[in-house]
Amino acid sequence: MSETSPRYLVPFDPKRVPHYFADVLVIGGGLAGLRAAMAVDKQLSVLVITKDDIKQSNSNYAQGGIAGVFDPEDRFEDHISDTLSAGGALCDPRVVEMVVREAPQRIQQLVDWGAQFDEVSGELILGREGGHSARRVVHALGDATGREVMRAVIKRVRSVSNVGIWEDTFTLDLLTDDGTCRGALVWNRQHGKTLVWAKQTILCTGGTGQLYRETTNPKIATADGHAAAYRAGAELRDMEFMQFHPTVLYIAGSSRSLITEAIRGEGAHLVDKVGHRFMPEYDERAELAPRDVVSQALVLQMEKTRHPNVYLDLSHLDASFVRSRFPGILAACGEFGIDITIDRIPVRPGAHYMIGGVTVDEEGRTTLPGLWAAGEVTSSGLHGANRLASNSLLEGLVYGAHAGAGASRCAAAMQDDFRALPLENRAVEQPAEPLDLSDIRNSLKSLMWRAAGVHRSGDQLEDAVHTIDNWRRYVLLRQFQDPLGWELQNMLIVADVIIQAACERTESRGVHSRTDHPETDEENWQCHLAYSR
Ligand SMILES: Cc1cc2nc3c(=O)[nH]c(=O)nc-3n(C[C@H](O)[C@H](O)[C@H](O)COP(=O)(O)OP(=O)(O)OC[C@H]3O[C@@H](n4cnc5c(N)ncnc54)[C@H](O)[C@@H]3O)c2cc1C
């Protein structure tokens, strides 16, 4: 155990905290977590824990949709090959095949549970997104798929009697004994700390976007699950692969809303500060090039023009079409006095999707016995070095179902044993000087943006290793009282792993773009980087 990284974040004494027992504990109530909860045998008790209101998840904000082969003209083989070709030779072909073939049935299950996808005459409308060779993306409410899917799934889970949900409850750490996960230490404002003992635990805590100054992710995405799994001894893999979304609304004071790539699909141009349309100079597919190519071009153009953003221009498109096709973006920009049918929309890239995570096998088993995982917190081998659009909700559905079923099977085979284990973590003496946590958090987010952003270089990454190490020395040894401190500790632990991995991978592949190693090096780097403590 490293001196700067204690095993548990806070002190606890089993004689002084309440205990709760569940057959299966699911940490996270996004799509992956709720799908996992639904897959557990109804005879078993399930507890789902969410850090905030259950509606606050990346799943809820998903826009474009979920990919699956429905069109008779489309083929599983094509969805598989599109996924593999996006993934830069790092996908696991068996995983890709399994997920793609399961997609239609998993999406149909959502329809059976009441999710209303956009249809015409009873047929699903299938959208086409960057990297897909066919129309295969089901969507809902136009550009608010996540909201509709989560509405239906939350309603369904609430109607099931064996599943309990604790909202506004922060998972601090996974409990381990004898190399096995035994549940989690959780905290909420009303009851303080509780030890939740579970026969099997499923981690579904989502992404890490909040590590970056610019991100599409909501506030909950602070890498807590990645950090807790790492502290508990599980393996993290592929952490250098952070996908950036090229077009995030960039208005001071606004939330960093994602501007869907469908807007470029419908003909919007990317222009710089003088109105020059630059994408054709970077890629022959122009605005329709893959996300990583567009993000990298945007950053170069911003540097060239010394301007903090570029713009999306829709003024040449039919105004009534724009209004009806993009009602969400129209409203969001309208609040800041931007009429998207006339005015240019300021955008820049933002951290969007963490491809790396807790290593899982095809059933969702992690390297730590008793711990399963699903969704964005994992590295399953589906995405390789670059995620194909609309494949991540799908991954959450498939792996949620697998992990739920696997954990259920194992829990059912175990005896009821309502005993707390004598685990304890002692309080340590605290330095007298208080820390300005917001200051460190903002500095970390800026550092990650500069050093581990769209473009990376060895020099900057090495500097970042030292800076983060310095912050870790005095932040990780403290024991904080509330989520602000715990989130910062988690962010520092995971930032350190991302930076180390980005530093180690001396090539460019997928979303990992090294200015000092611009080529892909198949001979030395067609492999995964894995870290565990
Ligand atoms: C703006 C946006 C648009 C997107 N659009 C699409 C799209 O169109 N198609 C697509 O496939 N993907 C899309 N994605 C990606 C996709 O939404 C996510 O990858 C996916 O929803 C992740 O699901 P999840 O269940 O793994 O995590 P989440 O949905 O993020 O859920 C995480 C859960 O974990 C809980 N949690 C986190 N930390 C703790 C803690 N310490 N204690 C307790 N609970 C905790 C949270 O409260 C939450 O309930 C989009 C993402 C964003 C941000």
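Counting from 1, the numbers follow the sequence of the chain as shown. All ligand and atom numbering here is 1-based and tracks the order in the structure.
Residue contacts with ligand 1 do not include Gly225, since none of its heavy atoms lies under 4.0 Å from the ligand. For Leu31, the closest heavy-atom approach to ligand 1 falls below 4.0 Å. Under the 4.0 angstrom criterion for non-hydrogen atoms, Ile66 is not in contact with ligand 1. Residue contacts with ligand 1: Cys204 is included, with a non-hydrogen atom under 4.0 Å away. At a 4.0 Å cut-off, not a single heavy atom of Glu487 sits close enough to ligand 1 to count as contact.
We find the OH-CG distance between Tyr61 and Asn58 to be 9.5 Å, quoted to the nearest 0.5 Å. For the atom pair OH (Tyr20) and CD1 (Ile49), the distance works out to 9.0 Å, reported to the nearest 0.5 Å. Note that the CD1 atom of Ile107 and the CG atom of Asp112 stand 12.0 Å from one another [nearest 0.5 Å]. Rounding to the nearest 0.5 angstrom, the gap separating the OG atom in Ser295 from the NE2 atom in His245 is 8.0 Å. Note: Leu388 CG to Leu382 CG = 8.5 Å, rounded to the nearest 0.5 Å. Once rounded to the nearest 0.5 Å, the distance linking CH2 of Trp449 with CZ of Phe244 reads 5.5 Å.
A donor-acceptor contact closer than 3.5 angstrom links the side chains of Ser5 and Arg533. Using modelled atom types and a 3.5 Å distance limit, the side chains of Thr215 and Gln210 yield no donor-acceptor pair. Side-chain contact annotation: Asn490 with Arg231, donor-acceptor N/O pair under 3.5 Å present. Under 3.5 Å, the side chains of Gln489 and Arg472 contain no donor-acceptor pair of N or O atoms. At a cut-off of 3.5 Å, with distance as the only test, no side-chain donor of Thr145 or His139 sits close to an acceptor on the other residue.
Here's the thing with Leu258: none of its N/O atoms is less than 3.5 angstrom from an N/O atom of ligand 1. Between Tyr353 and ligand 1, no N or O atom pair is found at a separation short of 3.5 Å. The shortest N or O to N or O distance between Tyr61 and ligand 1 is not below 3.5 Å. The shortest N or O to N or O distance between Phe170 and ligand 1 is not under 3.5 Å. Annotation: Gln63 places an N or O atom under 3.5 Å from an N or O atom of ligand 1; distance criterion only. Considering backbone and side-chain N/O atoms, Gly28 never comes within less than 3.5 Å of an N/O atom of ligand 1. Note: an N/O pair closer than 3.5 Å links Asp224 and ligand 1 by distance alone. Considering backbone and side-chain N/O of Gly65, one or more are found under 3.5 Å from N/O of ligand 1. Below 3.5 Å of separation, one finds an N or O of Ser392 facing an N or O of ligand 1. Between Asn58 and ligand 1, an N or O atom pair is found at a separation short of 3.5 Å.
The nearest protein atom to atom 25 (O) of ligand 1, hydrogens excluded, is given as Ala32 N, 3.0 Å; this is a heavy-atom distance. At the shortest separation from atom 53 (C) of ligand 1 among protein heavy atoms lies Asn217 ND2, 3.5 Å. Among protein heavy atoms, atom 11 (O) of ligand 1 sits closest to Leu393 N, 2.8 Å. Closest to atom 29 (O) of ligand 1 among all protein heavy atoms lies Ser59 OG, 2.5 Å. For atom 47 (O) of ligand 1, the closest non-hydrogen atom on the protein side is Lys51 N, 3.1 Å. Atom 46 (C) of ligand 1 has as its closest protein heavy atom Ile220 CD1, 3.9 Å. Protein heavy atom in closest approach to atom 42 (N) of ligand 1: Thr171 N, 2.8 Å.
Using a 4.0 Å cut-off to heavy atoms of Gly64, the atoms of ligand 1 that qualify are 7 (C), 8 (O). Near Gly30, meaning under 4.0 Å from any of its heavy atoms, are these atoms of ligand 1: 25 (O), 29 (O), 31 (O), 33 (C), 49 (O). Taking a cut-off of under 4.0 Å to the non-hydrogen atoms of Ile49, the atoms of ligand 1 that pass are 43 (C), 44 (N). Close contacts of ligand 1 with Thr50, meaning ligand atoms under 4.0 Å from a residue heavy atom, involve 43 (C), 44 (N), 47 (O), 49 (O). Within ligand 1, counting atoms from 1 as listed, the ones closer than 4.0 Å to a heavy atom of Thr216 are 1 (C), 53 (C).
Considering Lys445, Lys219, Lys51 in turn, Lys51 is the only one that fulfils the salt bridge (Lys or Arg N to Asp or Glu O under 4.0 Å) rule with Glu487. Tested against His528 for a side-chain hydrogen bond (donor to acceptor under 3.5 Å, both in side chains), the candidates Asp92, Asp238, Thr359 yield a single pass: Asp238.
Residue Ala221 does not touch ligand 1, judged by heavy-atom distances below 4.0 Å. Of all the heavy atoms of Arg387, the ones lying under 4.0 Å from any atom of ligand 1 belong exclusively to the side chain.
The residue from Thr378, Thr205, Leu388, Thr215 that puts a heavy atom closest to atom 36 (N) of ligand 1 is Thr205. Proximity annotation for atom 4 (C) of ligand 1: of Ala62, Ala223, Ala227, Ala36, Ala62 comes nearest, heavy atoms only. Considering His245, Gln56, His352 only, the shortest heavy-atom separation from atom 51 (C) of ligand 1 involves His352. Evaluated by nearest non-hydrogen atom to atom 49 (O) of ligand 1, the leading choice among Ala373, Gly29, Ser390, Ser57 is Gly29. Proximity annotation for atom 27 (O) of ligand 1: of Gly206, Gly33, Gly400, Gly375, Gly206 comes nearest, heavy atoms only. Looking at Gln243, Glu376, Met150, it is Glu376 that brings a heavy atom closest to atom 22 (C) of ligand 1. Nearest-residue assignment for atom 43 (C) of ligand 1 (options Thr169, Ile355, Asp52; heavy-atom criterion): Thr169.
By the ring-ring contact (aromatic ring centres under 6.0 Å, His included) test, His79 is found to be paired with His132, residues two or more places apart in sequence or in another chain being considered. In this structure Ser45 satisfies the side-chain contact (heavy atoms from CB on, under 4.5 Å) test together with Ala22, Asp23, sequence neighbours excluded.
In this structure, Phe170 has its ring center closer than 6.0 angstrom to the ring center of Trp486.
No more than 12 heavy atoms of other residues, nucleotides or ligands sit less than 6.0 Å from atom CZ of Arg147.
Salt bridge present: Arg158 and Glu167 bring a charged side-chain N and a carboxylate O closer than 4.0 Å. Salt bridge present: Arg136 and Asp82 bring a charged side-chain N and a carboxylate O closer than 4.0 Å.
Using cut-offs of 30° and 60° on the angle between ring planes, the pair Tyr399 and His402 is tilted.
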